Every structure is written in structure tokens, then in C-alpha cells.
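Below, all heavy atoms of this structure are taken into account, side chains as well, without hydrogens, waters or symmetry copies. What you see is a predicted model, and the numbers here were worked out from it, not measured in a lab.
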Amino acid sequence: MSYTEEVYERVVAQNPGEPEFHQAVKEVLDSLKVVIDRNEEKYRSLSILERLVEPERIISFRVPWVDDNGKVQINKGYRVQFNSAIGPYKGGLRFHPTVNQSILKFLGFEQVFKNSLTGLPIGGGKGGSNFDPKGKSDREIMAFCQSFMTELSKYIGADTDVPAGDIGVGGREIGYLFGQYKRVRDLYEGVLTGKGLTYGGSLIRTEATGYGVVYILNELMQSRNDSLEGKTVVVTGSGNVAIYAVQKATQLGAKVVAMCDSNGYIYDPNGIQLDVVKDIKEVKRGRIKEYADRVEGAVYTEGVGIWNIKCDVYLPCATQNELDVDGVKVLAANGCKYIVEGANMPTTREATDYAMANGIFFLPGKAANAGGVATSALEMSQNSQRLSWTSEEVDAKLHQIMKDIYAKIDDAAKRYDLKDNFVAGANIAGFEKVVDAMIAQGIV
């Protein structure tokens, strides 16, 4: 049995009931096998893989808060501080009923490699709660955020762990969290990213993940003498990442014809009118089906199946494991040539393998959606310097980071005779920087 297989079996045995974490570890270790095999004795002697798959620290706590009816509610809070070899822990907070330790370990493990790829000095972490912000009043959300941060504040800091937003945690929630941190710690520092522009936030941070997805897609297409001009695109989701992926793809000449939310999907053959989507989702906090009521010619379909819409480019930007092998088979049969992940591992392992084996260029989330955390790190830099950069400066830095990420993963894949396997390329390139730092710092 190989070293990577031994470590994976140990992960499964020691982390029962955590399938999402098992999935993430297997995907990475399978990619790293070619690297580990060349240096197996060295890596075994230092237990590199055992240390890599074990979080440095996991914090869990209860979050009591009072709802609008005066009833005390209890949620669970978590922070997984996975790896700090190359910098302070960095990764989002997710508020969603499905949040559990397995999902956060999976996301935190992915974050280690993603953050490494940015080239910036940030480690990997993730956190959140099973709290559901949907249907809650602003006062209830503030009460929850203040209780959550009262406990979390003991374990984070500008040079220790810098959370950001994720699903269910937008500008409103970040504001409440930051205010409570400032109150209980008596510190005004860059402890959270995704902050409002009036209190230390960065321009372009809202757009960064979606823009970054399209920037790296554009690099891939240009390397194949192709472009987005005139291409038909399907984007899943209708949150922050999806909205700004649509915006940038449209700016580069593509026609985005479909988006979705957890209830169903819309198809607009004339091209998505993003101002309508923004009003529904960002202003009214409504459901995507309202688009079909407001735009002539648009059709809403309840349930899953957005992959049935014919497209050249498919950008899954909703949530993990949303695209399975049956969906990818339909995309391939309909002539889709590019799948680029905007969400964290939205494509199942079987679907990913099928796509790459059937002529679809596939860019994994740890590379493709790194623009968000990269711009968060740029926000940290601005906070440290007590200054703000212009939109043009931040956007230019983001664009260059995504170009550099594509170059890194393409180079890593080619060095190990895995041309066009960008999943392996991303894992290898991310691993190389982290493992060098781990070895240099000794047994810690």
C-alpha cells in the first residue's frame, strides 16, 4: 500500500461520519501521489501527510441568542484552524443549517491549497454555524452574530486568524461581527475581511470571486486560441459569486442564459438581465423564479436540471456536490467545452473525472475561485498599511493573481506529465509551497 493510501485509510478510520472531509482528502492525495512517490522516504520520516490532513486546532462552542418572540435559541459554532505554515489562518464563516464539522474540515483543507496558490502569506481555515439567516429579522441576526463573535473573538486576530464571509454571511453579518469584536476586544484591526468601505473594506472585494473565475477561464481559453466572445454560458447559483461571474463574462462578450437558486432555475435566451437579478437577490432577497415574472421570454423551471441547457461554458457557483456525473454527461453531449468551479468543490469526483476524460477543460474551485480570498488578503494588506487602493489598483492585482494561478497549475501539471489535468496541477502547486514551509519550520 502506498503512503497516500495509508494516510487516506487512517483519515477515514479516525474521522468517522465525515464524508465531505474524506472526499476532499482523497481528491488531494490522489493528485499528490506522483509527487509523494518521488520523495516517499523523506515525507514518511517527517509524517508530512499525517500532519497535512490533521487540523492544527478545532474550536466548537454553543451560541445562545434571543429571537423576536423572546425565546432563547441555541446554535453550534465552529472554527477549524487547519494550517498556518505560510501565514495566519484565512477562510470564510458559513451560516447555514447544513454546517457541521465535516463540511468545515473539508472546506478548511481545500482552503490551505487555495490560499497557497494565491502566492500571498495566508494559511487555511474555515468556520461557521448551523444558524439559518433566512427569514430572520435584522435584530435576530445581530443578536446571533454578537453571541457568535463573543466566543470566537478569543481565538482570532489580525495576525492569528482572519475570517471572511461565505454562504449566509454577507456585508450585514460581517458588520455585526466586526462591531462585536471591536467591543469585546477593544481593538480596531483587520480581523475580518469583506468589511464595508466605511470601516476598512476593500473595493472590488464584493466582485472578486466571480471576477476571478472569469479571469482564470479567460487565461485558459486564450491558451487554446479561444475567447469568451460569442460564447453561451450557464452560471449556477444567484448569490455573490454567480452575479459577478455573470457580470464579467458579459463584459467579455459572452451571453449568459441561465442562473438558479435552491428552488429552481431560469432560462433567458436573450441573455440574463443582471440588474433584475441584483434587485431580486440583493435588494428584495427574493427567489430567482421572480425573474420570469419580470422579464418577457424568460422561463422558470422548478427543481434541479439547469445542466440540460445547451452551453459552451458551465460555471457552477452555488454549493458543494451540485453537479454529478449524470449532469456532466448531458453537458458533454450538448457540446460544453469548459467547466470552471466558482463554488467550493461543486462537482462530484465522478463528474470531474468524466469531464476531463471527455474533452471538457476543467478548472477546480481551489484555483478558479481563489480570487475572493486573494482580494481578502489584499484587504488585509491595506488595513495593515492604514490606506485604501483604488478599484483599478485592486482589480489589476486580482487579474494578475489569477493569471499567475493559471500559470502555476498549468506548469505543475506539465512537470508531472499530466498536461491539462488542472485538478492535479492545483493540488501539486498548492502542496509544494505549504510543504516547503512546514519542513522549514520543524516539527510543529
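In this view, Phe113 and Phe109 satisfy the ring-ring contact (aromatic ring centres under 6.0 Å, His included) rule, not counting sequence neighbours. With sequence neighbours excluded, the residues forming a side-chain hydrogen bond (donor to acceptor under 3.5 Å, both in side chains) with Asn427 are Glu27, Ser31, Lys366, listed by chain and number. Applying the side chain to side chain contact (heavy atoms under 4.5 Å, CB included) criterion to Lys136, with sequence neighbours excluded, gives Trp65, Phe131, Asp132, Glu140, Ile141. Legend: residues meeting salt bridge (charged side-chain N to carboxylate O under 4.0 Å, His left out) with Asp226, ordered by chain and number and at least two apart, are Lys231. In this structure, the salt bridge (charged side-chain N to carboxylate O under 4.0 Å, His left out) partners of Asp420, at least two apart in sequence or on a different chain, are Arg224. Remark: Asp161 engages Arg79 in a salt bridge (charged side-chain N to carboxylate O under 4.0 Å, His left out) (not counting sequence neighbours). For the side-chain hydrogen bond (donor to acceptor under 3.5 Å, both in side chains) test, no residue two or more places apart in sequence or in another chain qualifies with Glu173. With sequence neighbours excluded, the residues satisfying salt bridge (charged side-chain N to carboxylate O under 4.0 Å, His left out) with Glu40 are Arg44. Partners of Asn369 under the side-chain hydrogen bond (donor to acceptor under 3.5 Å, both in side chains) rule, at least two apart in sequence or in another chain, are Lys114, Asn344.
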Pairs under 3.5 angstrom only: tabulate donor-acceptor contacts from the side chains of residues 271-279 to other protein residues two or more places apart or in another chain.
residue	atom	partner	partner atom	Å
Lys278	NZ	Gln247	OE1	2.9
Asp279	OD1	Lys284	NZ	3.2
Asp279	OD2	Lys284	NZ	2.6
Asp279	OD2	Arg294	NH1	2.9
Asp279	OD2	Arg294	NH2	3.0

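Ion pairing between a basic and an acidic side chain is recognised when a charged N comes within 4.0 Å of a carboxylate O; Asp410 and Lys414 show such pairing.
Note on residues 303-328: no pairs pass salt bridge (Lys or Arg N to Asp or Glu O under 4.0 Å), not counting sequence neighbours. Among residues at least two apart or in separate chains, salt bridge (Lys or Arg N to Asp or Glu O under 4.0 Å) pairs with a member in residues 431-444 are Arg415-Glu432.
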